[in-house]
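Predicted model only: the values in this text are computed from it and were never measured. Order of listing sets the numbers, starting from 1, for every ligand and every atom in it. Positions are given from 1, in the same order as the sequence printed here.
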Amino acid sequence: MDTQFVGSDAVADALEAMRKALGDDAVLTARADLDEFRDPFYVLGSAENDVSAAVMPTCVEEVQAVVRIASAHGVPLWTVSTGRNYGYGGAAPRVPGSILVNLSKMNRVLEINEELGYAVVEPGVRWFDLCEALEASGGKWWSSIPDLGWGSVVGNSLEYGRGHTRIGSHAENVAGMEVVLPNGELMRTGMGAMTGNKAWHAYPFGFGPMVDGLFFQSNLGIVTRIGWRLMPRPEKYASCWVHFDGDDIIVPVIDAMRDLMLDETINNYPFLGRGVAANTEGQPDLDPKSEKWALRFALYGYDEIVEAKWKIVERVLGSIPGVTLGRKMFDGTDRVGPQEGIHDDKVQAGIPGMELLDLYKVPFGPDTGHLDFSPVGPLIGSEVLKMVRLVRGMYEEFGEPYAAGMMLLPRSILVVSVMFFDPKDAEKTKKIYENYDPMLQRIAAEGYGLYRAHIFKMDAVAATFDFNDHAYLRFVETVKDAVDPNGILQAGKQGIWPKSLRGKAKS
Ligand SMILES: Cc1cc2nc3c(=O)[nH]c(=O)nc-3n(C[C@H](O)[C@H](O)[C@H](O)COP(=O)(O)OP(=O)(O)OC[C@H]3O[C@@H](n4cnc5c(N)ncnc54)[C@H](O)[C@@H]3O)c2cc1C
């Protein structure tokens, strides 16, 4: 799928230097160790995007050493925090033969600020670790979390990952970063650019242009710590749902949800699912002919506020014909009740788990893989229905079941759908990846772009962002050439290539 860019002598020399700097144990080269970093959601056993080695730094100075050595030897690096980016490539690099910088050993929660409600974390801190630390410090603060607890706060946030509480827009929760630049220098963003600044993680801006955005979905640096906002534990939490049959009801439901989100009656990030992603009664809906949709959302706050909000929700959503509505109420201090409920109850209460991965294994057993197709649209009922029909029509054309898992923001929606396959079936797996290409072209032709993409599809997705002959890409490439002239960091990520490799990638 790609050209082999990496010279083996350069890699061997770089690895030797890394062993000297970090110690033998920090450099993995045994095939069995490296297999773990393959994308488990591609052809089982495929070596197409193998790394040549993995380094496991334990501190910032070691990350700096790795970057400087890679730069001196012209060897590409691919960074992961915990490497659980499943559905988008896992830990596998865009450029085969890259050295993987795996930050999972830098896993300290450096601070929990009890007054201001933020945590400071290293890249290897998983959702499980952060939530455990929050509980241990008294449980006054909740974190937002994605569906699975084994990924990292840093990796997920840098990918514009999403969670399902009031603070579920993860990139927006990042306040203040520390970054190792491609020349090995260490930089702090925002107020952190001042030595000893007291408001680094409390005030996200700094003095001058805000450069944090350059490190999201990017290849301009390795992020070694972030400030991360928390939400106060609410007195009450209501886990709510709306069920309906048939696509047409999407229109009034989405329009009502937009109003309820914009006026902050509902202030979490709701989720609308269908098929295996619709977690109606804790069970996936596997019937491909099923027309059932399940929307979940949450209400948080003082008892009186949650009750008042629920009355408004009942009035607005309950008046839509064909809709059934329900809720479960929990005390904010109750961490057992939501755990004993379904996945939705937990995830909207910031309690991490792994049960959704098990549900996603239903289609083809333990090896089940999936490829996510993730276009963004405006949160307007008629537009969402149009996107659903377009995407669903393509699944029908390809003879695949349509499973949707859509994330609502107050003004936009991620119309994510999931293509399931059995990675043991090489032909079928490759077909699924091929199906993605016409889907991308058709959705882009209608004016919708993707928010995230698998490593194999990054060039194709980047090409759809084509305004003024790709002015955006040319600007980012100019920045890339300036800060990473040797082109060592994350080559090809999001379709951004260093000068030396530009135009040479095959996909
Ligand atoms: C069943 C299922 C449910 C899922 N649900 C969700 C969900 O609810 N929300 C969601 O957002 N995703 C979801 N995902 C997708 C994915 O699993 C998560 O986003 C996961 O958290 C990402 O893995 P990670 O945190 O280990 O990131 P990593 O794999 O560590 O990082 C992802 C990418 O970010 C970049 N990166 C990572 N760390 C750094 C760093 N320190 N410096 C610079 N760049 C870096 C790299 O390009 C890397 O490839 C789901 C996946 C599955 C299979």
If you measure every N or O of Ser218 against every N or O of ligand 1, does any of those distances drop under 3.5 Å? no

I need the atoms of ligand 1 closer than 4.0 Å to a non-hydrogen atom of Lys493, numbered in the order shown. 47 (O)

With heavy atoms and a 4.0 Å threshold, my read on which part of Tyr86 contacts ligand 1 is both

What is the distance from atom CD of Glu159 to atom OG of Ser218, rounded to the nearest 0.5 Å? 10.0 Å

With the threshold set strictly below 4.0 angstrom, can you tell me whether any protein non-hydrogen atom sits that near atom 47 (O) of ligand 1? yes

Quick one: look up the protein heavy atom nearest atom 52 (C) of ligand 1 and list residue, atom name and how far away it is. Leu148 CD1, 3.6 Å

Arg327 and Ser239: side chain donor to acceptor below 3.5 Å: no

Any luck finding a side-chain donor-acceptor pair between Arg296 and Asn268 under 3.5 Å? no

Side chain Lys480, main chain Asn219, donor-acceptor under 3.5 Å: yes

Using a strict cut-off of 4.0 Å, indicate which atoms of ligand 1 neighbour a heavy atom of Val80. 30 (O), 38 (N)

Among Gly221, Gly168, Pro40, Gly89, closest by any non-hydrogen atom to atom 43 (C) of ligand 1: Gly221

Determine, considering heavy atoms only, which of Ser157, Ser81, Gly124 sits nearest to atom 38 (N) of ligand 1. Ser81

Among all protein heavy atoms, pick out the one at the shortest distance from atom 31 (O) of ligand 1; state its residue, atom name and that distance to 0.1 Å. Gly155 CA, 3.7 Å

Which heavy atom of the protein is the closest neighbour of atom 45 (C) of ligand 1, given with residue, atom name and distance? Leu158 CD1, 3.6 Å

Tell me if the centroids of the rings in Phe456 and Tyr42 come within less than 6.0 Å of each other. yes

Do ligand 1 and Gln490 have nitrogen or oxygen atoms that lie under 3.5 Å from each other? yes

Cationic tip of Arg229 above Trp141 ring, under 6.0 Å, 45° of axis: no

Starting from atom 25 (O) of ligand 1, find the nearest protein heavy-atom neighbour and note its residue, name and distance. Ser152 N, 2.8 Å

Heavy-atom nearest neighbour in the protein, as seen from atom 10 (C) of ligand 1, with distance rounded to 0.1 Å: Asn156 ND2, 3.5 Å

Classify the ring geometry of Phe216 against Tyr160: parallel below 30°, tilted from 30° to 60°, perpendicular beyond 60°. parallel

Nearest-0.5 Å distance, CG of residue Asp147 to CH2 of residue Trp127: 11.5 Å

With no hydrogens and no angle check, do the side chains of Ser144 and Tyr269 hold a donor and an acceptor under 3.5 Å apart? no

Quick one: nearest non-hydrogen protein atom to atom 29 (O) of ligand 1, plus distance? Gly83 CA, 3.1 Å

Using a 4.0 Å cutoff against the non-hydrogen atoms of Arg162, which atoms of ligand 1 qualify? 7 (C), 8 (O), 9 (N), 10 (C), 11 (O)

Determine whether the aromatic ring centres of Phe421 and Phe364 lie less than 6.0 Å apart. no

Residue, atom and distance of the protein heavy atom nearest atom 19 (O) of ligand 1 read Arg452 NH2, 2.7 Å

Would you say atom 13 (C) of ligand 1 touches the protein, meaning some protein heavy atom is under 4.0 Å from it? no

Per-residue contact class, Trp78 against ligand 1 - non-hydrogen pairs under 4.0 Å: side chain

Under 4.0 Å from one or more heavy atoms of Ile222, ligand 1 contributes atoms 42 (N)

Residue, atom and distance of the protein heavy atom nearest atom 53 (C) of ligand 1 read His370 NE2, 3.3 Å

Yes or no: does His164 have any heavy atom under 4.0 Å from an atom of ligand 1? yes

For ligand 1, which atoms have a heavy atom of Glu159 less than 4.0 angstrom away? 32 (C), 33 (C), 34 (O)

Ring-plane angle category for Tyr300 and Tyr237, please: parallel below 30°, perpendicular beyond 60°, tilted otherwise. parallel

Nearest-0.5 Å distance, CG of residue Asp344 to CG of residue Leu295: 10.0 Å

Does an N or O anywhere in Val223 fall below 3.5 Å from an N or O of ligand 1? yes

Please check if the distance between the ring centroids of Tyr86 and Trp150 is under 6.0 Å. yes

With a 6.0 Å cut-off on ring centres, are Tyr436 and His454 close enough? no

Identify which of Ile455, Asp147, Leu103, Thr82 has a heavy atom lying nearest to atom 6 (C) of ligand 1. Asp147

About how many Å separate CD of Glu135 and CD1 of Ile351, when rounded to the nearest 0.5 Å? 7.5 Å

Which option wins on minimum heavy-atom distance to atom 36 (N) of ligand 1: Leu100, Val418, Leu414, Thr79? Thr79

If you count the atoms of ligand 1 from 1 in the order shown, which ones are under 4.0 Å from a heavy atom of Arg84? 16 (C), 17 (O), 20 (C), 22 (C), 23 (O), 24 (P), 26 (O), 29 (O)

Would the distance check show the side chain of Asp345 and the main-chain N or O of Ala349 forming a donor-acceptor pair, the cut-off being under 3.5 Å? no

Distance under 4.0 Å to a non-hydrogen atom of Gly161: what atoms of ligand 1 satisfy this? 11 (O)

